[in-house]
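In what follows, chains carry the letters A, B, and so on, assigned in the order in which the sequence lines appear, proteins first and then strands, with residues in each chain numbered from 1. What you see below is based on every heavy atom in this structure, not just the backbone, and it leaves out hydrogens, waters and symmetry mates.
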There are 2 protein chains.
Amino acid sequence: MSLREKKVEKKKEEIRKSAMSVIAEKGYHATTMEDIAAKLLMTKGSVYYYFKDKESLVYESHKLLLEQSMEQLQNVLAEELPSVAKLRKAMVVHMENVITERTDFFIGVKPDQVFEGEHLQEILHLRNQYSDCMNRLIQQGMEDGSFVQVDMKIVNYIILGAMNNAVIWYSPKGSKSIEELANSIADYLLKILL
Amino acid sequence: MSLREKKVEKKKEEIRKSAMSVIAEKGYHATTMEDIAAKLLMTKGSVYYYFKDKESLVYESHKLLLEQSMEQLQNVLAEELPSVAKLRKAMVVHMENVITERTDFFIGVKPDQVFEGEHLQEILHLRNQYSDCMNRLIQQGMEDGSFVQVDMKIVNYIILGAMNNAVIWYSPKGSKSIEELANSIADYLLKILL
DNA sequence: TTAAAATCTGACTTGACATTCAAAGTCAGA
DNA sequence: TCTGACTTTGAATGTCAAGTCAGATTTTAA
């Protein structure tokens with residue numbers, strides 16, 4: 001990649017970050033392209049130089065986040081760990097993502113209210129992929145007898161729902177660190193499976 | 001109440017219902033006053049005859065729903081039941097509300113992105129009240145030894161989060177009836193406390 | 001140094017709503 | 001039947017944010 005391309009990519013990355021951050025703060029509909037630009041001391045016009053429109057910017061941002069989370073999850077999947085520890089780790093990683101990225105995206109807005117066509121398909125696909133991985137973790141645990149038999153689908157919804165919802169109530173002012181919090185939530189949720 | 005007042009109240013009720021229904025369908029920001037009116041074969045002008053503005057309409061609708069849920073919860077609280085059965089019933093009732101009203105209990109938007117001032121305060125107050133009631137149920141169970149000791153606040157967030165999230169994924173096409181679904185979710189969540 | 005390429009700017013256009021309002025329509029009861 | 005209060009209508013208005021674009025400015029590389 002040429003220097004120029006690197007610079008452009010860096011700028012795009014900054015803009016994506018800014019977008020995610022402002023959206024996490026104010027919600028998708030309340031954040032304007034000017035907000036996103038202002039945060040970087042730019043003007044709207046510049047943002048449009050890098051991104052076709054708001055939808056594309058948000059799509060790319062969201063996609064990247066999902067892909068990164070997916071990759072982390074895959075890494076956990078690949079580890080040599082007993083089922084319980086593996087699922088536990090996956091949950092902790094997820095919680096940390098939810099809290100640090102504050103991506104209200106999993107709950108705030110339904111994807112079909114923001115994306116269309118290809119973009120919508122891709123986002124749904126990535127989400128399903130993620131969800132499937134979690135399912136696999138539960139499945140494995142049930143097969144090797146680490147977990148009790150449960151309705152995988154429902155339990156998965158419960159687990160992801162409980163975790164994603166933290167965006168709404170988490171506050172850095174709380175007495176627990178993110179790590180502690182992630183761990184205790186993971187422990188509580190694991191009790192459903194033990 | 002005079003005949004006319006009854007008629008007005010009935011109309012307002014219809015409009016609130018329509019608003020909640022369209023919002024559940026398309027999301028708060030995507031639903032226009034015309035959508036809400038059209039569903040009742042009215043024009044938006046009429047809606048404005050009954051409600052000052054969109055915010056007020058949604059506020060009143062949402063408030064009523066919260067109050068109704070609160071009342072149901074209070075009724076459960078008042079019943080003579082062992083802790084486990086009581087919390088279980090509260091959860092089932094909540095789930096049924098979430099699914100039938102399809103208002104994620106909360107519009108899918110954080111309240112401070114919709115309401116302001118007094119209205120916002122009142123909505124937050126009602127939510128807290130509701131949450132406190134759930135807390136009380138957990139507290140009681142821990143005190144009488146029915147539940148293990150847990151961090152009440154976190155567990156409460158988990159429980160409400162997991163349940164509210166059902167708005168996102170519930171589909172009437174699923175094989176389980178609402179009642180079955182509510183029951184199995186309640187059972188899974190109770191395992192956290194047993 | 002300098003001209004072409006890449007970036008950036010901000011005023012402008014557009015369109016989608018929310019909200020208003022004057023006029024028209026409805027209806028219970030005198 | 002008539003009247004006046006109550007309702008409804010839909011066109012007009014106001015607002016706000018997305019998206020555009022003709023330059024202005026900065027960077028690149030010869």
Closer than 4.0 Å, any side-chain N/O of [X] to the OP1 or OP2 of [N]?
{"X": "B:Lys44", "N": "D:dT8", "result": "no"}
{"X": "B:Tyr50", "N": "D:dT8", "result": "yes"}
{"X": "B:Tyr48", "N": "C:dT19", "result": "yes"}
{"X": "B:Lys11", "N": "D:dT8", "result": "yes"}

Note: contacts of residues 34-43 of chain B with DNA chain C (heavy atom, under 4.0 Å) are none
Any salt bridge between A:Lys17 and A:Glu14, counting N to O under 4.0 Å? no
Decide, yes or no, whether a salt bridge links A:Lys86 with A:Glu79 under the criterion of side-chain N to carboxylate O below 4.0 Å. no
Interatomic distance where [atom1] belongs to [X] and [atom2] belongs to [N] [whole Å]:
{"X": "B:Asp53", "N": "C:dC17", "atom1": "CG", "atom2": "P", "result": "17 Å"}
{"X": "B:Tyr28", "N": "C:dA16", "atom1": "OH", "atom2": "P", "result": "19 Å"}
{"X": "B:Tyr49", "N": "C:dA22", "atom1": "OH", "atom2": "P", "result": "16 Å"}
{"X": "B:Leu57", "N": "C:dT19", "atom1": "CG", "atom2": "P", "result": "10 Å"}
{"X": "A:Lys52", "N": "D:dA18", "atom1": "NZ", "atom2": "C1'", "result": "12 Å"}
{"X": "A:Glu55", "N": "D:dA17", "atom1": "CD", "atom2": "C1'", "result": "17 Å"}
{"X": "B:Lys54", "N": "D:dT15", "atom1": "NZ", "atom2": "P", "result": "18 Å"}
{"X": "B:Met33", "N": "C:dC17", "atom1": "CE", "atom2": "P", "result": "13 Å"}

### Task
Check whether any side-chain heavy atom of A:Gln139 sits under 4.5 Å from a side-chain heavy atom of A:Asn135, and report yes or no.
no
By side-chain hydrogen bond (donor to acceptor under 3.5 Å, both in side chains), B:Thr31 pairs with (sequence neighbours left out) none
If you measure only the distance, is there a donor-acceptor pair under 3.5 Å linking the side chains of A:Asp35 and A:Thr32? yes
For B:Val76, the hydrophobic cluster (side chain heavy atoms closer than 4.5 Å, chained through members) also holds B:Val93
For C:dG29, the nucleotide meeting Watson-Crick or G-U wobble distances (both under 3.5 Å) is D:dC2
The Watson-Crick or G-U wobble partner of D:dT13, with both key distances under 3.5 Å, is C:dA18
- With sugar-phosphate meaning primed atoms plus P, OP1 and OP2, does A:Ser56 contact a base, only sugar-phosphate, or nothing at under 4.0 Å between heavy atoms? nothing
Practice prompt. Have a look at A:Thr32 and say if it touches a base, only the backbone sugar-phosphate, or nothing, with a 4.0 Å heavy-atom cut-off.
Written response: sugar-phosphate
Of A:Thr31 and B:Ser46, the one whose closest nucleotide on DNA chain D sits nearer the 5' end is B:Ser46
May I ask you to establish whether A:Lys52 and A:Tyr59 are in a cation-pi arrangement, using a distance under 6.0 Å from NZ or CZ to the six-membered ring centre and at most 45° from the ring axis? no
